[in-house]
Amino acid sequence: MGQLCGRCMQLLRDFIGFVQRMSSDLVQGIKECLTLISNCSCLKQNSSKNRQLYKPILQPHERVTAQEFLQHIETDFEMSPLGKDPLEALRTLSFSENPGLQQSAALYYLHMSQHMNIPLPVEHLEPFYALLRSADLEVQQMSSLSLVNFLLEGNIDKELVVQMGLLEPILDLLESEDPTVQCNSCACIMTLAVSESNREAIGAARGVTPLLSLANSYDPRVQQNAVGAILNLTQSEKIQQVLCKEGALPVLALLLESPDSEVQYYSCAALSNMAANVQHHKALLRPSDRFLLRTLISLLSSSVDKVSSQACVCLRNLATSVDIQAEMVAENVLPKLCSLLASGSEDVRRASIALLWILSLHPPNQDTLACAELLQSLGTLLAAHKTDPVIVGHTACIIKNLCLSKNRQRITESRCVEGLLQTMLLTDTQEDSLRYVTSCLAELAKQEGAMLHMVQWMDEPLTRCLVRLAGQLEHPEPSFHAASIIQHMIGHEKMMLLCKYHIGEIQAYLKNFLTHQEVRFQQLGISTLCRLRADPDFSLAFRKSQMAKLLEQVRQQTEETQELLRAAMCHEES
């Protein structure tokens, strides 16, 4: 083989120098890259995969502390589990670099949280910071679980946990790849998020994003706790804004189809809270996609009571516009609601009747709602739950709204009228529901067919109840409505005969009506008196009670008022 010439030898030397320089730069680049990666906080979270490459040395003071702590557990644990000496030992063990010692501290707290229902002194929160920050997975699991237990039992002040700086390490644990740690840290956030100040702190610390990520977890425990935490966060309007920006609405809407009923309930309840704020409706109900509306209506058929109940609540919060109400009716929501009225759950019955009331407010819906199936369900509901003020009040409002429909004759033919009359006997005058019942019956009494049906059901107890209510002017609305019902029915012989047993009481409330400051009471009193005068017994009673003098006073007051009005009108014209 020939020898290289001088020129080729120089080229070879130049190439070797170039490779050496390139290799040096490459090695330096690799070192810098690895340094940056090792210093990143993400590696601290995944400590289960990044064990320390050395075995931490057990310091002499740590050895002594561990021995004393062991002796305390064996002898004095039951007497003073949270005393000064064990606290100092727990601090030493918690802040140690030795995983075994940290595990001992974490196990101690876990045992206390599971077996001792006692408040945890604030000094004991300090070791939790070190334990939650531990690089050891078992320490993370035990310390986060013990914190959850203390929070659930109410043995730690929830706001104090945030004030002590524990929120940051808890949120960091959301980034763990271990499902147990994820589950426990989500549970911590869920329990902490029950106070407004904590909710704001979680939002400010950017805790929403990892929770939304874990809401899609394949682990059911993690998913439940993550969505539960989001639910508690939605109780804050400020955090609702953050959730919307972070894309929570489509995530929660898709979770409605989860096979896990707990996840369905939490997501539905979270959406209900969001839907209570009208400004979110546009995002919740995009015109091009009514996925949420259809999914909620399908959940009305859920076999889990709290899911179907919460679906009703969410639909009720969304039904603020007539267009949305019309869409609900068009989606065949009525049969599902009729079925829910017969539920054995009080929450389901109340939620469904409240949604029906909202739908009945929209006049175009009233003809559809005034169907035999719904009216039969309402009649049955009243008969079974006469003393439930929510059921009674909402049912009365629905029937009053349906009185304006073309199918109002069906109300007369149903059991609703009988049910409303019977509820008067059992409803306390302090209840708002009584005002709704008497208002509905007064509206029905204006219609000849319904009024005749009411007369058929009248008996002595019902008549006595109406007269008593009419005389209770301290409750003006039920009083006025009860007197109006009497006024419309006394044209019939049966009702007149029943009223004759209460001539004294009727005279008493009529006198109060005639002297009432409100004109409507005066007018109702006069019209009732005129109708009752056609009966000889009432006419005689009125003459004896000097009712004529009272009428004359009203006439004089009316004439004086008319003269003042004429003078005022003439002054305005001039």
Side-chain angles (χ1 to χ4, degrees), residues 208-209 211-217 223-224 226-237 239-337 339-340 347-348 351-359 361-362 364-365 368:
V208 169
T209 304
L211 286 173
L212 287 173
S213 176
L214 293 177
N216 292 315
S217 171
Q223 189 178 50
Q224 280 183 16
V227 183
I230 293 171
L231 165 59
N232 287 344
L233 289 174
T234 59
Q235 296 178 46
S236 165
E237 290 190 11
I239 305 302
Q240 285 181 11
Q241 303 289 345
V242 178
L243 285 164
C244 285
K245 289 179 182 177
E246 294 289 339
L249 294 181
V251 173
L252 292 171
L254 288 173
L255 289 174
L256 294 176
E257 295 186 316
S258 169
D260 188 329
S261 61
E262 284 296 312
V263 173
Q264 283 184 324
Y265 169 73
Y266 287 147
S267 55
C268 194
L271 288 167
S272 296
N273 291 340
M274 302 284 279
N277 196 333
V278 180
Q279 65 178 335
H280 299 314
H281 284 196
K282 185 177 180 180
L284 285 164
L285 298 168
R286 292 174 295 177
S288 59
D289 178 16
R290 292 297 199 221
F291 170 80
L292 177 60
L293 203 62
R294 292 193 297 271
T295 306
L296 287 170
I297 292 174
S298 69
L299 286 180
L300 296 178
S301 303
S302 172
S303 59
V304 182
D305 289 339
K306 64 180 182 180
V307 173
S308 57
S309 172
Q310 198 56 236
C312 283
V313 174
C314 194
L315 287 169
R316 185 187 68 202
N317 290 343
L318 290 170
T320 54
S321 72
V322 294
D323 293 336
I324 298 301
Q325 291 180 24
E327 285 192 46
M328 290 182 186
V329 175
E331 289 287 343
N332 207 24
V333 72
L334 190 55
K336 291 182 172 62
L337 292 177
S339 176
L340 292 179
D347 289 340
V348 173
S352 56
I353 197 71
L355 176 55
L356 279 168
W357 168 64
I358 291 289
L359 296 177
L361 294 172
H362 184 36
N365 291 337
T368 304

(Q) Please determine whether side chain to side chain contact (heavy atoms under 4.5 Å, CB included) holds for the pair Leu359 and Thr368, giving the CA-CA distance in whole Å, both sets of side-chain angles, and the decisive distance to 0.1 Å. (A) CA-CA 10 Å; Leu359 296 177; Thr368 304; over 6 Å; no
**Q.** Candidate pair Leu256 and Gln264, rule side chain to side chain contact (heavy atoms under 4.5 Å, CB included), full reasoning
**A.** CA-CA 5 Å; Leu256 294 176; Gln264 283 184 324; 5.6 Å; no
Q) Going through the checks in order, is the side chain to side chain contact (heavy atoms under 4.5 Å, CB included) test met by Gln279 and Gln241? A) CA-CA 10 Å; Gln279 65 178 335; Gln241 303 289 345; 2.7 Å; yes
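Atom OG1 of Thr295 and atom CG of Leu254 lie 8.5 Å apart (nearest 0.5 Å). If you take CG on Leu252 and CG on Leu292, they are separated by 9.5 Å, rounding to the nearest 0.5 Å. Rounded to the nearest 0.5 Å, atoms OH (Tyr266) and OG (Ser261) are 10.0 Å apart. Considering CD1 of Ile239 and CG of Asn273, their distance stands at 13.0 Å, rounded to 0.5 Å. Leu214 contributes atom CG, which lies 8.5 Å from atom CD1 of Ile230 (distance to the nearest 0.5 angstrom). One finds the CG atom of Leu284 at 6.5 Å from the CE atom of Met274 (value rounded to the nearest 0.5 Å).
Side chain of Gln223 to main chain of Ala215: a donor-acceptor pair is present (N/O by atom type, distance under 3.5 Å, no hydrogens or angles). A distance-only check finds a donor-acceptor pair linking the side chain of Thr234 to the backbone of Leu231 [under 3.5 Å].
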Distance-only criterion, 3.5 Å: show the donor-acceptor pairs between side-chain atoms of residues 311-321 and protein atoms not counting sequence neighbours.
{"unit_1": "Asn317", "atom_1": "ND2", "unit_2": "Ser272", "atom_2": "O", "d": "3.0"}
{"unit_1": "Thr320", "atom_1": "OG1", "unit_2": "His281", "atom_2": "ND1", "d": "3.3"}
{"unit_1": "Ser321", "atom_1": "OG", "unit_2": "Ile324", "atom_2": "N", "d": "3.3"}

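Contacts classified as side-chain hydrogen bond (donor to acceptor under 3.5 Å, both in side chains) and involving residues 299-309 (residues at least two apart or in different chains) are given here: Glu262-Lys306. Residue pairs meeting the salt bridge (charged side-chain N to carboxylate O under 4.0 Å, His left out) criterion with at least one partner in residues 244-258, sequence neighbours excluded, do not occur; the list is empty.
In plain terms, the two heavy atoms of Cys244 and His280 that are nearest each other are SG-ND1, 3.5 Å. Pairing each heavy atom of Val227 with each of Ser267, the nearest pair is CG1-N, 3.6 Å. Val263 and Gln224 get closest at one heavy-atom pair: CG2-CG, 3.8 Å. Contact between Gln325 and Ile358 at its shortest, heavy atoms only, is OE1-O, 3.5 Å.
Lys336 places none of its side-chain heavy atoms less than 4.5 Å from the side chain of Glu331. Side-chain contact between Leu249 and Leu243 is absent, with no heavy atoms from C-beta onward closer than 4.5 Å.
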